[in-house]
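Chain A is the first sequence line, chain B the second, and so forth, proteins listed ahead of strands; every chain is numbered from 1. Being a predicted model, the structure only gives us computed values, none of them experimental.
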There are 2 protein chains.
Amino acid sequence: MRETPECVELFGRLLTREIPYDEAEARTAMIAAARETRWRRNQPCDAVVARSSVACVVAGAVRKFALRPSGRRQIVDLIVPGDFLGFGRPDPAFLLEAVSNDTRVACFTRDRIERLTARFPPVSTLMQSCAADAIRRLEHHLLVQSRITAREKVRAYLAEMTRRMKPGRAETVTLPITRYDIADHLGIAVETVSRAMTVLRRRGSIALRTPRDIEIRDPSMLAEGR
Amino acid sequence: MRETPECVELFGRLLTREIPYDEAEARTAMIAAARETRWRRNQPCDAVVARSSVACVVAGAVRKFALRPSGRRQIVDLIVPGDFLGFGRPDPAFLLEAVSNDTRVACFTRDRIERLTARFPPVSTLMQSCAADAIRRLEHHLLVQSRITAREKVRAYLAEMTRRMKPGRAETVTLPITRYDIADHLGIAVETVSRAMTVLRRRGSIALRTPRDIEIRDPSMLAEGR
DNA sequence: CGGGCGCTTGATTTGAATCAAACTGGGTGG
DNA sequence: CCACCCAGTTTGATTCAAATCAAGCGCCCG
C-alpha cells in the first residue's frame, strides 16, 4: 500500500491510540503489510474483505447490513476511516458495501498480522483494542436503536458522527451517508429523519449548509435526555 | 475452580467448538486456570468481572445493561452458560448483574490466559472465536431490536433462546429472565411482551406450562417473515 | 433539458406506550 | 395454618408518536 499523507496520518492515529513504541517504524511496517483496495459508491465489497482477516477503512465509508425478507434493509454497522471491520465470524446474512466513491480499505491477512505482531508485539494489543472498539460501537448503537424517540435517535446519530468523523473540530459534520441510509441505520422512516432534522434546525440547534453538511450551533443539544 | 460435571461439560463444549487437540488435558488446565465466583439474583457483578480480562458464564445468566437518565433500563447483552463476556473495553456506562440465584462465572485474568495460550496455542484461537461470538450476538440482537413489529421481536427472542439455552432439544425453553427483563432487552413495554405471548398462545404456536416454561408447538413460527 | 434521486412537507392511519386494574403464586409473619 | 403481601404477569381502555400514503421541490448527472 502506498504511503499517502492521509494513510500515514491515519495509521499514526491508530498506533498512538494506546501503544507507546517507535511509531514511525511500526507505521511504515503496517502500511507496507496492508493491501489496499478501493470501491465505487454502492459497490459490494464482501468478497475482498471476507478473504482478509481484518481490514481498516482508510477513506470513504463502508456499511454492513442485512436484508429482511420484506426487502427492508437494516444497517448494523457503519465503518468510517480509522475503524476496523472483520472481527466477527464471516456471516452470509450480512453484506458489505462502499458508501461513497473512492472508498479505500486496507486489508490485512491473518499471517500478515501475525508477522507484524512478531516484529512489534504491541500490535496484538492494538488488534484487541480495535475489536473492543467494534464491540463498543455495536453496544452504543444498540442503545441508540432502542427505546428512545426518533428525535433522540437522530440527535444521538449526529453526536456520534461528530465524534467519529472529525477528531479535531466539533462545530461541523459532513454526514457520510444519505437520509435513506440514516433511516435504515436508525430503524426509522426517511420522512421521520427529515422531520427530526427540521425540528432541530427550527430550534436553532443545527444549521444545514447542504443536507449533508451540518453545522452544530448548540453542542449542548448533543447531550442525553429528551 | 472445582471440576463439577456441568463445568466439565461446558468447557468440553468450548474446547471442541473448533479446536482439534487433546481435549481432556486442555479442559483440566482451563478449569484449573479459572477462578469461580457466584452471585445471588440481581446482585451486581461488575467489580469481579471488570478486574478479569474475560469471563465465562457457567450457570445462571448475566445481563449487561445501561441506565438512561430517564431511569429506563436497556439490556444490551444477555450472557448465558457457555458465553463469554469482557471483550469490550471496560465502560462505566454499562452495568453487569446476575439474573438468577446461583449464577456462576469463571474468570480468567489476562496473564492466566497468556499462560494457557503458551501451553495450548489454540486457546488463542478459542478466545478470538469467543470474541467473534460476542460480536455476532450483538449484531443479531441489533437485527431483532430494529425489527418492525413487537410480535416479531418476541418471536425472534424465543427463537434465539431456544437455540442458545438447550443445544439438544428444541421443543421447550425455560426463559432465563422475567417479562420485565425481556421488555428491557427488546426495547418494548412489558405489557406488549405479554400481549405478544398471548397472541402466540392463542394461535397455538406455543404453550405456557408456567410463564417461564414455554413449549414450542409450532417450530415454523420461529422462521422469519411476518 | 429531461429524468431520477435525494430531500422535505402534509394528511391519515396504526401499532405500541401509557394508564388502570385485576389475577397468580410463592414467601413471610402473625 | 391462614392471611397477607408483593413481585410478576395478564388484560382492557386510551393516547400518542411514528409509519404510511401522497405530493412537490431542487439538483446533479446523463
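Rounded to an integer number of Å, the gap from Ile182(A) CD1 to dA18(D) P is 16 Å. Put simply, CD1 on Ile148(A) is 14 Å from C1' on dA18(D), counting in whole angstrom units. The CZ-C1' distance, from Arg209(B) to dT9(D), rounds to 18 Å in whole Å. Between the CG atom of Asp181(A) and the C1' atom of dG6(C) there is a distance of 11 Å, rounded to whole Å. Rounded to whole angstrom, the span from the CZ atom of Arg151(A) across to the P atom of dA19(D) amounts to 13 Å. In this structure, Asp184(B) atom CG and dA7(D) atom C1' are separated by 15 Å, rounded to whole Å. Ile188(A) has its CD1 atom 15 Å from the C1' atom of dT8(C), to the nearest Å. The distance between atom CD of Glu152(A) and atom C1' of dA18(D), rounded to the nearest whole Å, is 15 Å.
Judged by distance alone, the side chains of Thr172(B) and Glu215(B) never bring a donor and an acceptor atom under 3.5 Å apart. Side-chain contact of Asn101(B) with Arg38(B): a donor-acceptor pair under 3.5 Å is absent, judged by distance alone. Checking Arg217(A) against Ser205(A) by side-chain atom types alone, no donor-acceptor pair falls below 3.5 Å.
If you check every strand for non-hydrogen atoms under 4.0 Å, Leu208(B) touches sugar and phosphate atoms only. In this structure, Ser194(B) reaches the bases: a heavy-atom distance under 4.0 Å links it to at least one base atom across the strands shown.
Considering CD1 of Ile75(B) and CZ of Arg73(B), their distance stands at 4.0 Å, rounded to 0.5 Å. The distance from atom CG of Leu95(A) to atom CG of Leu67(A), rounded to the nearest 0.5 Å, is 5.5 Å. Atoms NZ and CG, on Lys153(B) and Leu158(B) in that order, are 14.5 Å from each other to the nearest 0.5 Å.
The residue among Arg41(B) and Thr198(B) whose nearest nucleotide of DNA chain D lies closer to the 5′ end is Arg41(B). If you find the closest nucleotide of DNA chain C to Arg195(A) and to Arg212(A), the one lying nearer the 5' end belongs to Arg212(A).
Closest to the Arg179(B) side chain, of the nucleotides dT9(D), dA16(C), dA19(D), is dT9(D). Comparing dT9(D), dT9(C), dA18(D) by their nearest atom to the side chain of Arg202(A) picks out dT9(C).
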Can I get a per-line list of side-chain donor-acceptor pairs under 3.5 Å for residues 191-199 of chain A, giving both atom names and the distance, sequence neighbours left out?
residue: Thr198(A); atom: OG1; partner: Ser194(A); partner atom: O; Å: 2.9

Please list, pair by pair, any protein nitrogen or oxygen found under 3.5 Å from a nitrogen or oxygen in nucleotides 21-23 of chain C.
none

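Put simply, the side chain of Arg63(B) never gets that close to the backbone of Leu96(B): no donor and acceptor are under 3.5 Å apart.
A salt bridge is defined here as a Lys NZ or Arg NE, NH1 or NH2 lying under 4.0 Å from an Asp or Glu carboxylate O, and Glu97(A) with Lys64(A) fails to meet this definition.
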**Request:** Could you run through nucleotides 25-30 of chain D and give me one letter per nucleotide, 5' to 3': B if any protein heavy atom sits under 4.0 Å from the base, S if only the sugar-phosphate is that close, - if neither?
**Result:** ------
